[in-house]
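Working notes for the structure below.
Numbered from 1 within each chain, the chains take letters A, B, ... in sequence-line order.
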Protein chains: 2
Amino acid sequence: MSGIRILLVDDHPVVRAGLRAMLSDFEGITVAAEAGDGAAALAQLARLRALGEPVDVVLMDLQMGAGMDGVTATQKIKAGEAGTPAPPVLILTTYDSDADILAAVEAGASGYMLKDAPPEHIRQAVLSAAAGGTALAPEVAARLMGRIRNPEPALSAREIQLLQLLATGLPNRAIARQLFISEATVKTHLVHIYGKLGVDNRTAAISVATQRRIIRP
Amino acid sequence: MSGIRILLVDDHPVVRAGLRAMLSDFEGITVAAEAGDGAAALAQLARLRALGEPVDVVLMDLQMGAGMDGVTATQKIKAGEAGTPAPPVLILTTYDSDADILAAVEAGASGYMLKDAPPEHIRQAVLSAAAGGTALAPEVAARLMGRIRNPEPALSAREIQLLQLLATGLPNRAIARQLFISEATVKTHLVHIYGKLGVDNRTAAISVATQRRIIRP
DNA sequence: CCGGAGATCAACCATTTGGTTGAGCCGCTG
DNA sequence: CAGCGGCTCAACCAAATGGTTGATCTCCGG
């Protein structure tokens, strides 16, 4: 009767130590293993499964230094092995950007908590995830609600493509040549992008798009 | 004989728990108090000083949610109370951008460590800071060395500060107001920045500066 | 089949940015 | 102390960008 068995995944030793200390204070929760990146997490899952001691919840950061990122790891975990149920994945990260939240949810995460959450909230989230439920930080929940009520205009693929070139510092003329369109069209796209992102110049657009992770830095 | 007395400052309860757990494993290091933001840190310092139990090292994150940020807190700590020596401040943060490092060093920090550092490194840094020395993470040290040796781009602190604002999408006029200088000066700085980065417009400058981690995204 | 959305282009004009030249001030260093 | 580098400002001009209007074409779904 080891209670809920957890796999901790975070690239910061400090954070892992904190979670371990925090969770071990709670009755009925055990840290079964730890990993510093997505690949190690998958290895640990396989190892524990082979030992007949599968984990009940994966508690994972989204940003993980060099290795496989949290979203990819979540996808792979949920894909899992044939015939064995995949454990619920609870995301515990620092940022609450739309793109992160949506990516995590789409990848199959059971919850999304922020690292500045008080210990009790984290405990509740773990219990909820272990029971097959979901857990969202209040800030995250509010953001998702906001999206439903007031859906943000989604950028088209072409617009994102243009944004990506924009972020490299190319002037409109060069962007036009790259995409085989006229400079006028580039400007039209830009106006649309500004409108959707709520800005009024290219640098601000890059700033917002980068922070929302619409484009990669 | 309480050994080295530390004040932990971080807005994440998880990280504080991790540092506490980690440091308490070390002989001769004691966590005297904790704080969740800069203001609370100053209050704790004053409180402990009044009790006649001043802290020997402040271990602080740079990014701290809503409240006073780490750089400002560092400045205030180093300014200190008349007649009482200010404790060394050791920065422990996630990012290693030039902008953050320079700001911290200029504010009077004794060291700059990254959160993905192994516990032993953190211990060494704390000991070094307590002894009045300095402590830089290898990545940070390498970056600073590079700035000295490098014949290439040595951006001044002012230029980096300007770049940081540039990256938020502000027009020159707004940057000028923020820095209390004229628009003409902003343009002069920009020309210098372009030259040093080898670009010829602001978006390209942001792109290069971000990729070289001169500024944070 | 029609409407809407996305992509394309043009012309026009105001504003911003980029580039240059020149100059004063301050602090550090040889 | 002279010189250098960094920070500051001004004026001017060319080029790029931002903003607007209006238009054609295609594709997709009701």
Here the distance between atom C1' of C/dG18 and atom CG of B/L162, to the nearest Å, is 15 Å
Are A/M60 and A/L7 side-chain neighbours, meaning at least one heavy-atom pair lies under 4.5 Å?
no
Identified side-chain contact (heavy atoms from CB on, under 4.5 Å) counterpart of B/Y112 within the set B/L92, B/T134, B/L62:
B/L62
Give the rounded distance in Å between these two atoms: NZ of B/K196 and C1' of D/dC7.
11 Å
Rounded to the Å, how far apart are B/H192 NE2 and D/dG5 P?
12 Å
Calculate the interatomic distance between A/F180 atom CZ and C/dT8 atom P; express it in whole Å.
12 Å
Looking only at side-chain N and O atoms, does B/T93 offer a donor or acceptor that is under 3.5 Å from a partner on B/Q63?
yes
For the pair made of CD1 in B/I181 and C1' in D/dG6, what is the distance, rounded to whole Å?
12 Å
List the protein contact pattern of nucleotides 10-21 of chain D with one symbol per nucleotide (5' to 3'): B for base contact, S for sugar-phosphate-only contact, - for none; contact means a heavy-atom distance under 4.0 Å.
B-B---SSBBB-
Between CG of B/L165 and P of C/dT17 the distance, given in whole Å, is 13 Å
Nearest whole Å is fine: how far is C/dG6 P from A/L179 CG?
18 Å
State, yes or no, whether a side-chain contact exists between B/R158 and B/I181 at a heavy-atom distance under 4.5 Å.
yes
Let me know the distance between CD of A/Q161 and C1' of C/dA7, rounded to the nearest Å.
12 Å
Do any side-chain nitrogens or oxygens of B/S156 fall under 4.0 Å of OP1 or OP2 in D/dG5?
no
Please find the pair of heavy atoms, one from B/L48 and one from B/A32, that lie closest to each other, and give the distance.
CD1-CB, 4.2 Å
Sorted by chain and number, sequence neighbours left out, salt bridge (Lys or Arg N to Asp or Glu O under 4.0 Å) with B/E139 holds for none
Reference residue B/S182; test side-chain contact (heavy atoms from CB on, under 4.5 Å); the match among B/T185, B/L179, B/V186
B/T185
Mind grabbing the angle between the end helix axes of the helix from C/dC1-D/dG30 to C/dG30-D/dC1? Five pairs an end, 10° rounding.
40°
Closest heavy-atom contact between B/M113 and B/L136?
SD-C, 4.1 Å
Look at A/K115 together with A/D61 and state whether they make a salt bridge at an N to O cut-off of under 4.0 Å.
yes
